[in-house]
Amino acid sequence: MSLPLINHPSPNHGPRVGGPPDMLLLHYTGMPDGQSALARLCDPASQVSAHYLVGEDGTIWKLVDEERRAWHAGKSFWRGERDINSRSIGIELVNPGHEWGYRPFPRAQMEALIALCRDIMGRHPISPLRVLGHSDVAPDRKQDPGEKFDWLALAMAGIGAWPDPLPADQRPAEPGEVGRLLTHLGYETPFSRSPDGISWENPPPSESGGISWEKTGENGLGSVLTAFQRHWAPESLGRGADRQSVAALRALVRLSAEADLAFPGPDA
């Protein structure tokens, strides 16, 4: 049975660089209504797009073919990669966002998203820790899809990862541990150039248009930790590196190792 889609082509796309997509990137539209978002995603002047748009009632619009590079991530980073648009399939979810009255994502929308993600993953090998939000890859700029998005429900449907800490993970963080864990998970941090001796060839963040570390709080981790919490520890949002956040971080880094998920350089 094919997934019901409304074809609504956007002119905003280009060729992919570096092979087929291996990442799902989720966004909210952050606009007052869905029709405004649909119009903007298909407006040549906006220079933005996504592969799919999912309405609050579960309607799915197909905007860009998966073989093409949609324009949704902007300046971004994950595990040494900066051209996230080339590596990902972008899905926009209709939601006013933090600026226009952020609200939970309705059941019909979540069910449609799960069906869409399963359909996409049937065509592309996407590892759990490569199902991400816009704020994960651009924490200094973005908040979406945000703390009200039900990442747990997505993971329970077999899409993405969710932490399962062990009792030993509940111990307090050691000095410098949070930064190392965030780096190894994939976030851009002040340590991303050479985490534990792994050397990246890309320039330091200050030279590459990435994170502005002077804006990220103590030790340059403020917005990055917030992005992590929005995705994997929403109850800890705004509480700093509390035990729940640290335990979730430890569990996810361990999951990454157990699943043999590589920590690739930019050319991987």
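Predicted model, so just to flag it, every value in this text is computed and none were measured. In what follows, every heavy atom counts, from backbone to side chain, and hydrogens, waters and symmetry copies are set aside.
- Within a 6.0 Å sphere centred on CH2 of W162, other residues, nucleotides and ligands contribute more than 12 heavy atoms.
- When atom types are taken as modelled, the side chain of N85 and the backbone of A73 share a donor-acceptor pair closer than 3.5 angstrom.
- Hydrophobic clustering places M156 together with I159 (ILVMFWY residues linked when any side-chain heavy atoms are closer than 4.5 Å, directly or through intermediates).
- When all heavy atoms of G97 and N95 are compared, the pair lying nearest together is N-OD1, 2.9 Å.
- Not counting sequence neighbours, the partners of H124 by the side-chain hydrogen bond (donor to acceptor under 3.5 Å, both in side chains) test are E66.
- No donor-acceptor pair closer than 3.5 Å links the side chain of S88 to the backbone N or O of G90.
- Side chain of T226 to backbone of G222: a donor-acceptor contact under 3.5 angstrom is found.
- Separating the CD1 atom in I84 from the NZ atom in K75 is a distance of 14.5 Å, to the nearest 0.5 Å.
- With sequence neighbours left out, R68 forms a side chain to side chain contact (heavy atoms under 4.5 Å, CB included) with H13, P15, V64, D65.
- Although no hydrogens or angles enter the test, the distance criterion places no donor-acceptor pair under 3.5 Å between the side chain of R230 and the main chain of G146.
- Here E56 pairs with R103 in a salt bridge; the nearest charged N to carboxylate O distance falls below 4.0 Å.
- Remark: the backbone N or O of W71 is paired with a side-chain donor or acceptor of S49 at under 3.5 angstrom.
- Looking at every heavy atom in both residues, V94 comes nearest to G55 through CG2-CA, 3.8 Å.
- Remark: D22 CG to M121 CE distance equals 11.5 Å, nearest 0.5 Å.
- T189 OG1 to L182 CG: the interatomic distance, rounded to the nearest 0.5 Å, is 7.0 Å.
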R254 and D169: CA distance, side-chain angles, deciding distance, side-chain contact (heavy atoms from CB on, under 4.5 Å) verdict = CA-CA 10 Å; R254 183 170 57 250; D169 293 327; 2.8 Å; yes
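- Contact of the L63 side chain with the C42 side chain is registered, since non-hydrogen atoms from C-beta on lie closer than 4.5 Å.
- Ring geometry, F149 versus W151: the interplanar angle exceeds 60°, so the pair is classed perpendicular (tilted spans 30 to 60°).
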query = Stepwise, does the side-chain contact (heavy atoms from CB on, under 4.5 Å) test hold for I114 with L154?
reply = CA-CA 7 Å; I114 287 170; L154 211 64; 3.7 Å; yes
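- No hydrogens or angles considered: a donor-acceptor pair under 3.5 Å links the side chains of Y187 and D136.
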request  = Evaluate the side-chain contact (heavy atoms from CB on, under 4.5 Å) criterion for residues V224 and E188: first the C-alpha distance (whole Å), next the side-chain angles of each, then the deciding distance (0.1 Å), finally the verdict.
outcome  = CA-CA 8 Å; V224 182; E188 184 178 19; over 6 Å; no
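- Of all non-hydrogen atoms in H231 and L132, the two that sit nearest each other are CE1-CA, 4.2 Å.
- Between the CG atom in D242 and the CG atom in L237 there is a gap of 10.0 Å [rounded to 0.5 Å].
- The backbone N or O of F105 sits nowhere less than 3.5 Å from a side-chain atom of Y28 that would complete a donor-acceptor pair.
- Enclosure of atom CG in D164 is not indicated, since only 12 or fewer non-hydrogen atoms of other residues, nucleotides or ligands lie within 6.0 angstrom.
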request  = Apply side-chain contact (heavy atoms from CB on, under 4.5 Å) to the pair N12 and Q47, showing each step before the final yes or no.
outcome  = CA-CA 6 Å; N12 301 334; Q47 297 189 353; 5.6 Å; no
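- Following chains of ILVMFWY side-chain contacts shorter than 4.5 Å, one cannot reach L113 starting from L38, and the two form parts of different hydrophobic clusters.
- Put simply, the side chain of R87 never gets that close to the backbone of M23: no donor and acceptor are under 3.5 Å apart.
- The structure places CG of L249 at 7.5 Å from CG of L225, a figure rounded to the nearest 0.5 Å.
- Between the side chains of D43 and S46, no donor-acceptor pair is found at a separation under 3.5 Å.
- Counting heavy atoms from C-beta outward, S36 and T29 have side chains that stay 4.5 Å or more apart.
- Taking OH of Y52 as the start and NZ of K62 as the end, the distance is 5.0 Å to the nearest 0.5 Å.
- Without hydrogens or angle criteria, R243 side chain to R171 main chain gives no donor-acceptor distance under 3.5 Å.
- The two residues L129 and R79 make their nearest non-hydrogen contact at CD1-NH2, 3.8 Å.
- Across every non-hydrogen atom of H51 and A70, the tightest pair is CE1-CB, 3.5 Å.
- There is a side-chain donor-acceptor pair under 3.5 Å between S245 and Q229.
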request  = List the steps, then state whether salt bridge (Lys or Arg N to Asp or Glu O under 4.0 Å) holds for R40 with E92.
outcome  = CA-CA 12 Å; R40 185 168 188 269; E92 291 273 359; over 6 Å; no
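- The shortest non-hydrogen separation linking A115 to L3 is CB-CD1, 3.7 Å.
- No side-chain heavy atom of S10 sits under 4.5 Å from any side-chain heavy atom of V48.
- L255 and W78 fall within a single hydrophobic cluster, where Ile, Leu, Val, Met, Phe, Trp and Tyr are joined by side-chain heavy atoms under 4.5 Å apart, directly or via other members.
- Looking only at side-chain heavy atoms (C-beta outward), S256 and H184 stay at 4.5 Å or farther from each other.
- Contact check for R250 versus E177: side-chain heavy atoms found under the 4.5 Å cut-off.
- Residues L116 and V131 fall within the same hydrophobic cluster, defined by Ile, Leu, Val, Met, Phe, Trp and Tyr side chains chained together at heavy-atom separations under 4.5 Å.
- Residues L185 and W232 form a side-chain contact, since some pair of their non-hydrogen atoms from C-beta on lies under 4.5 Å apart.
- Connection of M110 to I91 is established within a shared hydrophobic cluster, with ILVMFWY side chains joined at heavy-atom distances below 4.5 Å, either directly or through further cluster members.
- For the pair L252 and F228, the minimum side-chain heavy-atom distance is below 4.5 Å.
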